[in-house]
There are 2 protein chains.
Amino acid sequence: MADPKYRQIADDLRRKIDAGELGVGEKPLPSEKELEASYGASRNTIRDAIKWLTTRGIVQTRPPQGTFVVRIDPFIIAMDRTNGFGGESAAYASEVEAINRKATVSKPRIEIQQASEAHVANELKIEGEATVLSRHQQRYIDGLPWSLQTTFYPMTLVQSLLQKGATRLLDAEDIPEGGVQYLQEHLGIKQLGFRDELRVRPPDTNETEFFDLPEDGSIAIFETRRTGFEEDKRPLRLTVTIFPVDRNQFVFDVGEVPDRPKSGAA
Amino acid sequence: MADPKYRQIADDLRRKIDAGELGVGEKPLPSEKELEASYGASRNTIRDAIKWLTTRGIVQTRPPQGTFVVRIDPFIIAMDRTNGFGGESAAYASEVEAINRKATVSKPRIEIQQASEAHVANELKIEGEATVLSRHQQRYIDGLPWSLQTTFYPMTLVQSLLQKGATRLLDAEDIPEGGVQYLQEHLGIKQLGFRDELRVRPPDTNETEFFDLPEDGSIAIFETRRTGFEEDKRPLRLTVTIFPVDRNQFVFDVGEVPDRPKSGAA
DNA sequence: CCGTATTTGTTCGTATGTATT
DNA sequence: CAATACATACGAACAAATACG
C-alpha cells in the first residue's frame with residue numbers, strides 16, 4: 001500500500017479545497033457521514049483525514065455545524081524601528097487602519113502580584129519577593145481576536161509615579177500613547193533600548209479559548225517578550241504579546257529598503 | 001464527566017514526565033499495551049492520550065521502538081545587526097561554537113532555474129521568464145539537523161561575476177564569508193539594507209524528513225525570507241531559511257541593552 | 001540470512017454522550 | 001422534544017517496521 005487511506009482522502013480533500021470545489025463561502029465540508037459514503041471509508045478513517053487537515057490549519061471544525069475551510073488574511077506586523085510589540089495602542093491602530101481594517105482594544109485588566117513566575121522576575125531582574133503591576137489587554141482586528149498583551153512594571157516604578165500624582169497606570173483605561181511614553185513624561189525615565197525574544201509554543205487553555213483555536217492544540221502561537229531598558233541598562237518593563245501563527249507574519253527592515261506594498265489583499 | 005479520560009491520562013503522563021518518573025535516559029514510555037493495563041483504558045484511548053502529548057511536542061514516537069520524551073535545548077538566534085539569516089556560514093559557526101556546540105554545514109546544491117515560483121520572482125522583482133541561481137545548504141548543530149537554507153541570485157548578477165572570472169557561486173563549495181560579501185568584492189555591489197519576513201507554517205514532506213519531525217505535522221517551522229537590497233533599493237538576493245520551531249528562538253536587540261547571559265545551559 | 005516477537009500504524013465496527021438547531 | 005453532527009470510548013483485526021536470537 002503506497003499511502004494510507006486517510007492520507008489519500010486528506011490529499012483529495014485538500015486538492016478540492018484548493019480548486020475551490022469545496023468549502024466555498026460559508027458552507028461547511030460534507031458531513032462525516034457523507035464523506036464516509038463518497039470515499040467508501042469508515043467514519044474513523046474520515047476523521048483521521050480531517051484531523052490531518054486540521055493539524056495543518058486548512059480546516060477547522062465547529063461542532064455541530066460541520067467542518068469549515070479556514071481562510072485568513074494574514075496581518076503583517078512591521079518590526080522596523082520601535083514598532084511591533086511596543087504596547088502603544090495608537091501605533092497599533094494606525095498600522096491596522098492603514099490597510100483598511102479596523103482595530104479595537106479591550107480595556108485593560110490591572111493586577112498587582114508577586115513576580116513569582118520565574119520569567120517575569122528574571123527578566124525584570126527583580127529580587128526575591130518584589131511585586132509588579134500588570135496590565136492585560138485583548139486586541140481585535142475587524143472584530144476577530146488577534147493578540148493578547150500583558151505589560152509588567154516593577155511596583156517601585158509605579159509607586160514613584162503615584163508620589164507625583166500620576167495614576168493612569170492603575171486606571172482600567174487604555175493608554176494610547178503607551179506606558180513607556182507615560183513613564184518618560186512623569187518620571188523622566190527614558191527607554192534607551194529593548195530586547196525582543198520570539199518563540200513559538202502550543203497555546204494554553206486561555207489562549208485556545210480567546211483565539212478560538214482548535215482544541216487539539218494544532219495551531220501554535222507566537223510568544224514575544226519585549227524587555228525595555230532605561231539608563232544603566234536597567235529593566236523598565238516587560239511586555240508579553242501572544243499572536244496565533246495562523247494569522248500573523250512579521251517583517252523587519254534594516255537599512256535602505258523599498259516601501260512595502262500596501263498589504264491586506266487576499 | 002469532567003475531563004475526557006484521554007486527557008486525564010495525558011495529564012498524568014505529563015506530570016510523571018515532568019517529575020522525571022518517565023522517559024528518563026534513552027528508555028521509551030511504557031508500551032501501549034502496558035499503559036492500557038495500568039490505566040484500565042482501551043488501546044485507542046491510550047493512543048488519543050499519546051497523540052495529545054505528541055501534538056504539544058512533549059513526546060515523539062518512533063515505531064516500532066516506542067514513544068520517547070522529547071528534550072531539546074533550544075538554540076537562540078540573535079537577530080541584532082546583520083546577523084541571523086545572512087547566509088554567512090562563518091558567522092553562524094562562531095555563534096554556535098560560542099555556546100560550546102558544534103556547527104556543521106553541508107556542501108551546497110546548486111541549481112539554475114526559471115524563477116517561476118511566484119514568491120522568488122516577486123521578491124527579486126524579476127520580470128517574466130528570468131532565471132535565477134540557487135544555492136541550497138543543510139545546517140547541523142551537534143550533528144542534529146537544525147536549518148535549511150536556500151539563497152537565490154538573479155542570473156544577470158551571476159553572469160556579471162563570470163565575466164570577471166569569479167566562479168565561486170557556481171562551485172558546490174561553502175562560501176564561509178557569504179555570497180553577499182563575495183558579490184561586493186568582485187562586482188563592487190554593496191548590500192545597503194535588507195528585509196526579513198518571518199512566518200510560521202506546517203512543514204512540507206521534505207522538511208518533515210530532514211528535521212525528523214513527527215509525521216502528523218504537529219511541529220511547525222519558521223520560514224524566514226531575507227531579501228537584500230543594493231543601491232536604488234534593487235533586490236540583490238533572496239535567502240530563505242527554515243527552522244523547526246521546537247529547537248529555535250529568536251532574539252532582537254535594539255539600542256542599549258545588557259549582554260545576554262551565556263546560553264546553552266539545559 | 002531467516003523467522004519470530006514486539007510495538008506501533010491503520011482500519012473497521014459499534015455504542016454512548018453532548019451541544020446546537 | 002427531536003434531529004443532527006461531532007466527541008469520546010471500547011473492541012478487534014491486520015499491516016509494517018524493527019530487534020533479536
Quiz item: What is the distance from CG of B/L35 to P of D/dA9, rounded to the nearest Å?
Solution: 15 Å
Quiz item: Does a nitrogen or oxygen in the side chain of B/T45 sit under 4.0 Å from OP1 or OP2 of D/dC10?
Solution: yes
Practice problem: Only one of B/R135, B/E111, B/H136 passes side-chain hydrogen bond (donor to acceptor under 3.5 Å, both in side chains) with B/T150; say which it is. | Solution: B/H136
Self-check item: Nucleotide nearest B/Y6 (side chain, heavy atoms from C-beta), chosen from C/dT8, D/dA9, C/dT10
Solution: D/dA9
Quiz item: Can you say whether the rings of A/F252 and B/F252 are parallel (under 30°), tilted (30 to 60°) or perpendicular (over 60°)?
Solution: parallel
Practice problem: Can you establish whether the number of heavy atoms outside A/E209 located under 6.0 Å from its atom CD is more than 12? | Solution: no
Quiz item: Can you check the B/E32 CD to D/dC10 P distance for me, whole Å?
Solution: 14 Å
Quiz item: In terms of side-chain heavy atoms of A/R47, which of D/dA7, C/dT7, C/dT10 is nearest?
Solution: D/dA7
Quiz item: Which whole-number value in Å describes the distance from A/I46 CD1 to C/dT14 P?
Solution: 16 Å
Protein-nucleotides 19-21 of chain D N/O pairs closer than 3.5 Å?
| unit_1 | atom_1 | unit_2 | atom_2 | d |
| --- | --- | --- | --- | --- |
| D/dA19 | OP1 | B/Q65 | NE2 | 3.2 |

Exercise. Give a yes/no answer on whether the side chain of B/K5 brings an N or O atom under 4.0 Å of OP1 or OP2 in D/dC10.
Key: yes
Quiz prompt | Whole-Å distance separating the CG atom of B/L29 from the C1' atom of C/dT8 | solution = 13 Å
Exercise. State plainly whether the residues A/R201 and A/E207 are in salt-bridge range, i.e. N to O under 4.0 Å.
Key: yes
Are any protein N/O atoms closer than 3.5 Å to N/O atoms in nucleotides 11-14 of chain D? If there are, list each pair with its distance.
| unit_1 | atom_1 | unit_2 | atom_2 | d |
| --- | --- | --- | --- | --- |
| D/dG11 | O6 | B/N44 | ND2 | 2.4 |
| D/dA13 | N6 | B/R43 | NH1 | 3.3 |

Quiz item: Which whole-number value in Å describes the distance from B/R7 CZ to D/dA9 C1'?
Solution: 16 Å
Quiz item: Are a donor atom and an acceptor atom from the side chains of B/E34 and B/S31 found within less than 3.5 Å of each other?
Solution: yes
Quiz item: Closest approach of B/A93 and B/A103, non-hydrogen atoms and distance?
Solution: CA-CB, 3.9 Å
Quiz prompt | Spacing of B/D48 atom CG relative to D/dA7 atom P, expressed in whole Å | solution = 12 Å
Self-check item: side-chain hydrogen bond (donor to acceptor under 3.5 Å, both in side chains) partner of A/T241, chosen from A/R139, A/Q137, A/E223, A/Q149
Solution: A/Q149
Practice problem: Mind calculating the distance between CD1 (A/I50) and P (D/dC6) to the nearest angstrom? | Solution: 7 Å
Self-check item: Spacing of B/R199 atom CZ and A/D246 atom CG [to the nearest 0.5 Å]
Solution: 12.0 Å
Practice problem: Using atom NZ of A/K51 as one end and atom P of D/dC6 as the other, report the distance to the nearest whole Å. | Solution: 14 Å
Quiz item: Between B/N44 and B/Y6, does any side-chain donor sit less than 3.5 Å from a side-chain acceptor?
Solution: no
